[in-house]
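Remarks on the structure that follows.
So you know, we letter chains A, B, ... as the sequences are listed, proteins then strands, and number each from 1. Everything numeric here is computed off the predicted structure, so don't read it as measured data. Every heavy atom of this structure was used, including side-chain atoms; hydrogens, water molecules and symmetry mates were not.
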Number of protein chains: 2
Amino acid sequence: MKRIALYHLETLTWIARLGTFQAAAERLHTTQPAISARVREVEDQLGIALFRREGRRMVLTARGRLLIDSCEPLWTGLEQALLDISDFAGASGMIRIGSGEIAAASCLPAFIQAVERDMPGVSMEVELDLTARMLQLLLTGARDLVFLAGPVASPNIRTQPIGALHLAWVAGRAVAQAGGFARPLPVWSLPDPSPIHGAMRDALAQQGVAARSINSCNNVRTLVEIVANGGGAAVLPETMVRGEIASGRLVEILPRPDRMLHFEAAIRAREQEPLVLELFRRTAGLQIDPG
Amino acid sequence: MKRIALYHLETLTWIARLGTFQAAAERLHTTQPAISARVREVEDQLGIALFRREGRRMVLTARGRLLIDSCEPLWTGLEQALLDISDFAGASGMIRIGSGEIAAASCLPAFIQAVERDMPGVSMEVELDLTARMLQLLLTGARDLVFLAGPVASPNIRTQPIGALHLAWVAGRAVAQAGGFARPLPVWSLPDPSPIHGAMRDALAQQGVAARSINSCNNVRTLVEIVANGGGAAVLPETMVRGEIASGRLVEILPRPDRMLHFEAAIRAREQEPLVLELFRRTAGLQIDPG
DNA sequence: TATTTATGATAAGAGATGATTATGAAACGG
DNA sequence: CCGTTTCATAATCATCTCTTATCATAAATA
């Protein structure tokens, strides 16, 4: 029995949470036979059955449920203690990070570098998508930690501000030389639920300029290219277009909006895993330079 | 880090308690290189040093001490939970049992059989010695659970009654036919600190008989042989000499003393190990037949 | 009902892990 | 200076654990 390790308990917990061996295998980045074997190991060590076949699924027996319930807090505490004393240098596992594209450009590289430096055993799986979809993935458990722009408020999500960026109105050189917003211009931004979209509408209203049309593209780099090639104007984080402005491909055509783009890190409000909680805590140290 | 198992924590704990890898190896019934390897495994998994060389010993680093202190209660709790849900069927390890010789004859076989039936993973190391020495071994940690005769009271020891046996005055057939205690007889018993010795003195006083001499032998079976061969009289548990009485080798030469021989199980008052505590709890069910 | 899909079990082979024995190096004690 | 104690290291072996591939069964679907 002494051979039961932390990963055995972790495995049982994820089977209980997800309902199938297969799902637990995917969550733990291993194979289904490995999960079966781990369960069998624990059952053999304890001499009792933890799961019972039911249809094509496995369900916890009464004792299995008892084991999960009584061990989970102890396991979590033990893992926490082990991680604490090693300053998380001993952390291992896969953390699934989600990010909006703008947040990715601003926050992700520094964060990933810090994790790789301080927690060599942790691997990361990064997925970029729109903020709205990111939150969905976070709530369903497909992501553990997401970075996103704009304020998010939900009772099921815990957020933390990690900095803000100045915005700038930019257009291609030709458009700028033609007078910029002297005449209504096509305006490009990310699709509607995006915070950049909201910032763009606010800026239009605040600065009293007219858009000839509102267009969207779900990829910021492509959006920059469209604007740089004369497609119109866009509101973008200044740091993301600083290079293009310096090189003259893009020109700032209006004063910078007062409103800044605020970034946040988010996790599930009910998150228990020490590693995720610690990484969330560490996002506070990112300190984005507003540009 | 997820590969850290219960036996890793157990190993660290015993090193901390005993001070050397070698001692921990002996306590855990393995070899010293195995202990070194376990320590190295934990250190590698956590990425920190737990021990520092000091002379020819290894001492805990600050973090090592922190780890032991913070993990030990969690580890104990986890082990307890795992054992509880399996009704201790998953228990494993070595339990060191001590016993006085009389207690061994009365209690040990049933107890050992019960442990082997209910906890197939547990192995036992039994040592017989005098009661006084047994208590010493218990307090120094050389034994985990001892069976002994006679009431024992010590703040450092926790005891539990497990039954009592009637005593009988016996002598060899020849001595009995010569009148028994009509004349003072040589009396044989265990050495002085033994409870049988006390019972013998009480019985002498209570029944108003005189001993020609008080002799002792530290081995009950030998003592029986001495008495059976005409060496004198002895006070012994009736069940231990029932066979000899039936066969006529020994004869009861006085009424049975009122005082019975009480047996107790004992563990250290500060005992923490779930397995030892459980075995101690189960000694209550031994129910010695008083004969 | 027949077919497809989902879920686990099982087997074989490779690699990692952990234990043992034997031996070496360093510190301590006389 | 020599013997003892303590831990490290190396070689070897057994066991454990993972992966891949395949099979069996149950549920869903056509």
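- DNA chain C is contacted by both B:E41 and A:A37; A:A37 maps to the nucleotide lying nearer its 5′ end (nearest heavy atom per residue).
- If you check every strand for non-hydrogen atoms under 4.0 Å, B:T31 touches a base.
- Side-chain contact annotation: B:W14 with B:E10, donor-acceptor N/O pair under 3.5 Å absent.
- Taking atom CZ on A:R40 and atom C1' on C:dG8, their separation rounds to 11 Å, with Å as the unit.
- Here the nucleotide nearest the side chain of A:P33, chosen from D:dT19, C:dG8, D:dT9, is D:dT19.
- Distance B:E54 CD to D:dC7 C1': 14 Å, rounded to the nearest Å.
- As a whole-Å value, the separation of B:I35 CD1 from D:dT6 C1' is 13 Å.
- Backbone-only engagement by B:Y7 is indicated by non-hydrogen atom pairs under 4.0 Å involving sugar-phosphate atoms exclusively.
- OP1 or OP2 of D:dT17 has not a single side-chain nitrogen or oxygen of B:R3 nearer than 4.0 Å.
- As rounded to whole Å, 13 Å separates atom C1' of D:dA26 from atom CE of A:M58.
- An OP1 or OP2 oxygen of D:dT19 is reached within less than 4.0 angstrom by a side-chain nitrogen or oxygen of A:T30.
- Along DNA chain D, the nucleotide nearest A:R53 and the nucleotide nearest A:A34 are compared for position; the residue whose nucleotide lies closer to the 5' end is A:A34.
- A distance of 8.0 Å separates CE of B:M1 from CD of B:Q45, quoted to the nearest 0.5 Å.
- Using a cutoff of 4.0 Å between basic side-chain nitrogens and carboxylate oxygens, A:R3 and A:D44 are not scored as salt-bridged.
- As a whole-Å value, the separation of A:Q32 CD from D:dT22 P is 15 Å.
- The shortest distance between the side-chain N/O atoms of A:S36 and the OP1/OP2 oxygens of C:dG8 is not below 4.0 Å.
- Going from atom CD of A:Q45 over to atom P of D:dC16 covers 9 Å, rounded to whole Å.
- We find that CZ of B:F21 is positioned 16 Å from P of C:dA27, with the value rounded to whole Å.
- Looking only at atom types and distance, the side chain of A:Q272 has no donor-acceptor partner in the side chain of A:T76 under 3.5 Å away.
- Rounded to a whole Å, the NZ atom of B:K2 is 17 Å from the P atom of D:dT17.
- There is a side-chain donor-acceptor pair under 3.5 Å between B:Q32 and B:S36.
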